[in-house]
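Structure in structure tokens, see below.
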Amino acid sequence: MLTSRPRGTADIVPPDTARWQWLESLARDVCRVYGYFEIRTPTFEHSELFHRGVGDTSDIVEKETYTFEDRGKRSLTLRPEGTASVVRAYLENGLHNRPQPVKLYYLSLPIFRYEKPQAGRLREHHQFGVEALGSDDPHLDAEVIALSLDFVRRAGLTQLDLRLNSIGCPACRPRYREVLVEYYRGHTGEMCADCRRRLERNPLRLLDCKTDRALAAAAPRSLDFLCEACRAHFDGLKAALEELGIGYTVDPTLVRGLDYYTRTVFEFTHGALGAQNALFGGGRYDGLAETLGGPRVPGVGFGLGMERLLGALAGEGRLPEAETGVTAFVIAADGARARALPLVQRLRAAGVAADMDFLDRSFRAQFKAAARYPAHFAVILGEAELAAGAAAVKDLERGVQETVPLDDLAEYLRRRAPRSGPQAGA
RNA sequence: GUGGGUGUAGCUCAGUGGUUAGAGCGCCAGGUUGUGGCCCUGGAGGCCGGGGGUUCGAGUCCCCUCACUCACCCCA
């Protein structure tokens with residue numbers, strides 16, 4: 001069938017689009033007050049960017065990328081996450097020559113992963129994220145977390161849970177890694193097949209295994225092996241969060257699925273999301289720019305799933321009503337139909353949301369259409385009114401009607417145009 | 001990738017193997033002169049997800065497939 005969308009994709013249609021626009025304007029406003037500016041990067045990149053940046057051994061790159069060869073035999077990949085592209089763009093556009101840190105955000109960015117779809121998991125979803133590049137100050141980690149919290153709280157969420165961990169840096173992680181491997185070697189009999197494979201390739205991910213929670217809970221903790229600098233950074237972050245009154249739980253088993261993370265990793269979960277309960281997550285990636293062949297550029301950021309945020313809001317019963325109404329609906333009597341569109345255009349030119357009937361409806365049916373639109377005002381155009389150079393304007397909520405000269409109509413409506421709905425409520 | 005559940009109108013769902021497949025909501029029209037929502041009447045809209053099989057006969061039973069969904073893995 002040609003009328004079905006690809007597996008794991010979703011159409012976003014009115015009135016849902018109004019809710020997206022509401023979230024987007026909210027995100028833009030939060031970013032504005034935090035001093036973050038928008039960046040837009042390509043939908044696809046050289047496959048190598050994700051292999052090197054995100055990591056060959058991550059699940060995302062190992063088995064979830066949409067990779068294809070173009071007609072020039074280049075291997076390209078639809079982006080499976082946002083950070084690698086932003087860091088690439090930072091380097092490529094010489095943003096390291098601008099005042100540091102450079103604070104960027106992306107919004108409703110399509111993300112592609114070849115997943116088995118289920119509720120809260122799609123093959124194409126959209127992320128809002130920020131990346132702050134050029135500083136390793138733990139206050140910046142705290143700011144990023146504060147920004148994300150501000151955003152979701154302003155959107156209306158209340159039931160949030162922040163988990164936090166530090167996984168060290170190239171100075172201290174190797175030793176921790178050895179100790180961890182040694183620990184798990186002693187328990188291979190109790191491990192699942194996936195974990196035995198992970199033991200050699202990506203031992204930190206062992207902590208992520210959901211089947212052997214007891215093993216992970218008893219495993220050596222990265223926090224106990226942090227070098228002095230990483231320890232100080234983590235303490236600094238915790239102190240900054242406490243200063244801001246942001247509650248958190250330290251979770252030593254939190255490691256996250258992308259290989260580029262250093263030091264800080266965090267994840268917000270939400271109770272209403274079910275099994276896919278990660279609403280957003282992020283961390284620090286001080287080595288990523290070098291991995292891509294650039295200078296050392298520390299950075300920290302997060303990615304938030306917009307679909308999941310909408311799901312969490314719905315779960316809390318806090319999704320706003322989507323406004324699809326219009327200010328004025330012009331109703332034309334039989335002798336005045338030709339005058340309707342010009343009048344509608346005149347109102348629109350004055351900034352008044354206006355519409356009319358396009359189904360050649362009867363006068364009565366036009367009124368019904370206006371009421372069900374819903375429109376706040378019916379602007380009645382009849383021969384009598386036209387002869388007087390006026391229109392009858394009926395307030396459909398209050399039921400009162402008065403005659404307004406056509407020349408005053410736009411101003412009359414503009415003064416009374418109600419502002420409501422998700423966009424205006426932001 | 002593994003396992004369970006479900007696919008009937010735009011939406012939410014009825015429908016013992018037996019005529020021409022239904023309801024509510026939504027949509028369109030009408031309810032007489034130029035006044036809406038409520039109400040009343042009528043209408044449009046279905047390859048019953050797709051394919052194969054069993055049967056005199058399949059929306060209903062069986063197999064395959066696709067999609068959705070829940071769990072696992074992992075993530076946003």
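Values reported hereafter were calculated over all heavy atoms of this structure, with side chains retained and with hydrogens, waters and symmetry mates removed.
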Open item on the list: Is there a side-chain contact between A:Arg7 and the phosphate of B:rC66, meaning an N or O under 4.0 Å from OP1 or OP2?
Closed with: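 No.
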Open item on the list: Taking atom CZ as the centre, does A:Arg7 end up with more than 12 heavy-atom neighbours from other residues, nucleotides or ligands that are less than 6.0 angstrom away?
Closed with: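 More than 12 heavy atoms, drawn from other residues, nucleotides or ligands, come within 6.0 Å of this atom.
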Open item on the list: Rounding to an integer number of angstrom, what distance separates B:rG22 and B:rU60 when you compare their C1' atoms?
Closed with: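 After rounding to an integer number of Å, I get 15 Å for this pair.
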Task: Nearest-angstrom distance, P atom, B:rG43 to B:rG57 - done: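 Result for the P pair: 34 Å, nearest Å.
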Scan nucleotides 1-3 of chain B against the protein and return all N/O pairs shorter than 3.5 Å with their distances rounded to 0.1 Å.
from: B:rU2; atom 1: O4; to: A:Lys116; atom 2: NZ; distance (Å): 3.0
from: B:rG3; atom 1: O6; to: A:Lys116; atom 2: NZ; distance (Å): 3.4

Task: salt bridge (Lys or Arg N to Asp or Glu O under 4.0 Å) partners for A:Glu115, two or more places apart - done: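 Counting only residues at least two positions away or on another chain, A:Glu115 forms a salt bridge (Lys or Arg N to Asp or Glu O under 4.0 Å) with A:Arg121.
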Open item on the list: With a cut-off of less than 4.0 Å, is there a side-chain N or O of A:Arg361 near OP1 or OP2 of B:rG30?
Closed with: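 Answer is no, no contact under 4.0 Å.
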Please output the side-chain donor-acceptor pairs of residues 398-408 of chain A that fall under 3.5 Å, not counting sequence neighbours, one pair per line with the distance.
from: A:Arg398; atom 1: NE; to: A:Asp395; atom 2: OD2; distance (Å): 3.1
from: A:Glu402; atom 1: OE2; to: A:Tyr412; atom 2: OH; distance (Å): 2.6
from: A:Asp407; atom 1: OD1; to: A:Arg346; atom 2: NH2; distance (Å): 2.7

Task: For A:Arg318, all residues meeting salt bridge (Lys or Arg N to Asp or Glu O under 4.0 Å), sequence neighbours excluded - done: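 With sequence neighbours excluded, A:Arg318 shows a salt bridge (Lys or Arg N to Asp or Glu O under 4.0 Å) to no residue whatsoever.
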- [ ] Return the nucleotide paired to B:rC68: Watson-Crick means purine N1 to pyrimidine N3 with N6-O4 or O6-N4, wobble means G-U with N1-O2 and O6-N3, both under 3.5 Å.
- [x]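 Because both required distances fall under 3.5 Å, B:rC68 counts as paired with B:rG5.
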TODO: Hey, which sits more toward the 5' end of RNA chain B by its nearest nucleotide, A:Ala119 or A:Gly305?
DONE: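 Looking at RNA chain B, the more 5' nearest nucleotide goes with A:Ala119.
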Between the protein and nucleotides 6-10 of chain B, which nitrogen or oxygen pairs are less than 3.5 angstrom apart?
none

Open item on the list: Checking A:Arg372 now: which residues fulfil salt bridge (Lys or Arg N to Asp or Glu O under 4.0 Å) with it, not counting sequence neighbours?
Closed with: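 Counting only residues at least two positions away or on another chain, A:Arg372 forms no salt bridge (Lys or Arg N to Asp or Glu O under 4.0 Å).
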Task: Pairwise P distance, B:rG1 and B:rU19 [rounded to whole Å] - done: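 Rounded to whole Å, the distance is 42 Å.
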Task: Pairwise P distance for B:rC48 and B:rG52, with rounding to whole Å - done: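 Going atom to atom, P in each nucleotide, I get 13 Å.
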TODO: Using the test ring-ring contact (aromatic ring centres under 6.0 Å, His included), find all partners of A:Tyr285 that sit at least two apart in sequence or belong to another chain.
DONE: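 For A:Tyr285, the residues satisfying ring-ring contact (aromatic ring centres under 6.0 Å, His included) (neighbours in sequence not counted) are A:Tyr260.
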Task: Partner nucleotide, any strand, of B:rG45 [Watson-Crick/G-U, under 3.5 Å] - done: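 By the stated definition (distances under 3.5 Å), nothing pairs with B:rG45.
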Open item on the list: With a cut-off of less than 4.0 Å, is there a side-chain N or O of A:Ser362 near OP1 or OP2 of B:rG30?
Closed with: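 Checking A:Ser362 against B:rG30: at least one side-chain N or O falls below 4.0 Å of OP1 or OP2.
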Task: Interface residues of residues 103-112 of chain A with RNA chain B (non-hydrogen, below 4.0 angstrom) - done: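 Heavy-atom contacts with RNA chain B come from no residue of residues 103-112 of chain A; none.
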Task: side-chain N/O A:Arg372 vs B:rG26 OP1/OP2, d < 4.0 Å - done: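 Checking B:rG26 against A:Arg372, a side-chain N or O does come within under 4.0 Å of OP1 or OP2.
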TODO: Would you indicate which nucleotide in B:rC28, B:rG37, B:rC75 comes nearest to any side-chain atom of A:Lys368?
DONE: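 Looking only at heavy atoms from C-beta outward on A:Lys368, the closest nucleotide is B:rG37.
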Open item on the list: Measuring only the C1' atom in each nucleotide, how far is B:rG26 from B:rG10? A whole number of Å is fine.
Closed with: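 Result for the C1' pair: 7 Å, nearest Å.
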TODO: Report yes or no: is there a donor-acceptor pair, N or O only, under 3.5 Å between the side chain of A:Arg308 and the base of B:rC75?
DONE: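 A donor-acceptor contact between them is present.
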TODO: With sequence neighbours left out, write down each residue that passes salt bridge (Lys or Arg N to Asp or Glu O under 4.0 Å) with A:Glu45, or none if nothing qualifies.
DONE: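 In terms of salt bridge (Lys or Arg N to Asp or Glu O under 4.0 Å), with neighbours along the sequence ignored, A:Glu45 is linked to A:Arg88.
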TODO: Using the closest heavy atom to pick a nucleotide of RNA chain B for each, name whichever of A:Gly8 or A:Leu122 lands nearer the 5' end.
DONE: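 Taking each residue's closest nucleotide, the earlier one in sequence belongs to A:Gly8.
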Task: Span that lies between the C1' atom of B:rC47 and that of B:rA9, in whole angstrom - done: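 Going atom to atom, C1' in each nucleotide, I get 14 Å.
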Open item on the list: At a heavy-atom distance below 4.0 Å, what parts of residues 329-339 of chain A sit against RNA chain B?
Closed with: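 Residues of residues 329-339 of chain A that come under 4.0 Å of RNA chain B do not exist, since none gets that close.
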- [ ] Return each pair, listed once, that meets side chain to side chain donor-acceptor pair (under 3.5 Å) where at least one residue sits in residues 302-313 of chain A; pairs must be two or more places apart or across chains.
- [x]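 Side chain to side chain donor-acceptor pair (under 3.5 Å) check on residues 302-313 of chain A returns A:His126-A:Glu307.
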TODO: Would you mind pulling out the nucleotide paired to B:rA76, Watson-Crick or G-U wobble, both distances under 3.5 Å?
DONE: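 None - no nucleotide pairs with B:rA76, as no candidate has both distances under 3.5 Å.
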TODO: With a 3.5 angstrom cut-off on both distances, give the Watson-Crick or G-U wobble partner of B:rG18, or none if there isn't one.
DONE: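 Base-paired to B:rC56.
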- [ ] Take the protein atom CG of A:Leu254 and the nucleotide atom C1' of B:rC74, then report the distance between them rounded to whole Å.
- [x]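 Result: 13 Å.
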Open item on the list: With a 4.0 Å cutoff (strictly under), does any side-chain N or O of A:Arg205 reach OP1 or OP2 of B:rC73?
Closed with: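 No, outside the criterion.
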Open item on the list: Suppose we call two aromatic rings close when their centres sit under 6.0 Å apart. Are A:Phe329 and A:Phe377 close by that rule?
Closed with: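 Not close enough - the centres of the two rings lie 6.0 Å or further apart.
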TODO: Could you tell me whether the side chains of A:Arg28 and A:Tyr105 share a donor-acceptor contact shorter than 3.5 Å?
DONE: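 Short answer, yes.
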Open item on the list: Would the distance check show the side chain of A:Gln366 and the main-chain N or O of A:Ala332 forming a donor-acceptor pair, the cut-off being under 3.5 Å?
Closed with: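 Present.
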Task: A:Phe151: ring-ring contact (aromatic ring centres under 6.0 Å, His included) partners, not counting sequence neighbours - done: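 Testing A:Phe151 for ring-ring contact (aromatic ring centres under 6.0 Å, His included), a comparison that skips the adjacent residues, returns A:Phe128.
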Task: Atom OH of A:Tyr34: over 12 foreign heavy atoms under 6.0 Å - done: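 Count over threshold, so yes.
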Task: A:Ser108 and A:Glu24: side chain donor to acceptor below 3.5 Å - done: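 Side chains of A:Ser108 and A:Glu24: pair found under 3.5 Å.
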Open item on the list: Which nucleotide, if any, forms a Watson-Crick or G-U wobble pair with B:rA23, using both distances under 3.5 Å?
Closed with: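 B:rA23 is paired with B:rU12.
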TODO: Using the C1' atom on both, measure B:rA58 against B:rU16 and round to a whole Å.
DONE: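 Straight-line distance between the two C1' atoms is 14 Å.
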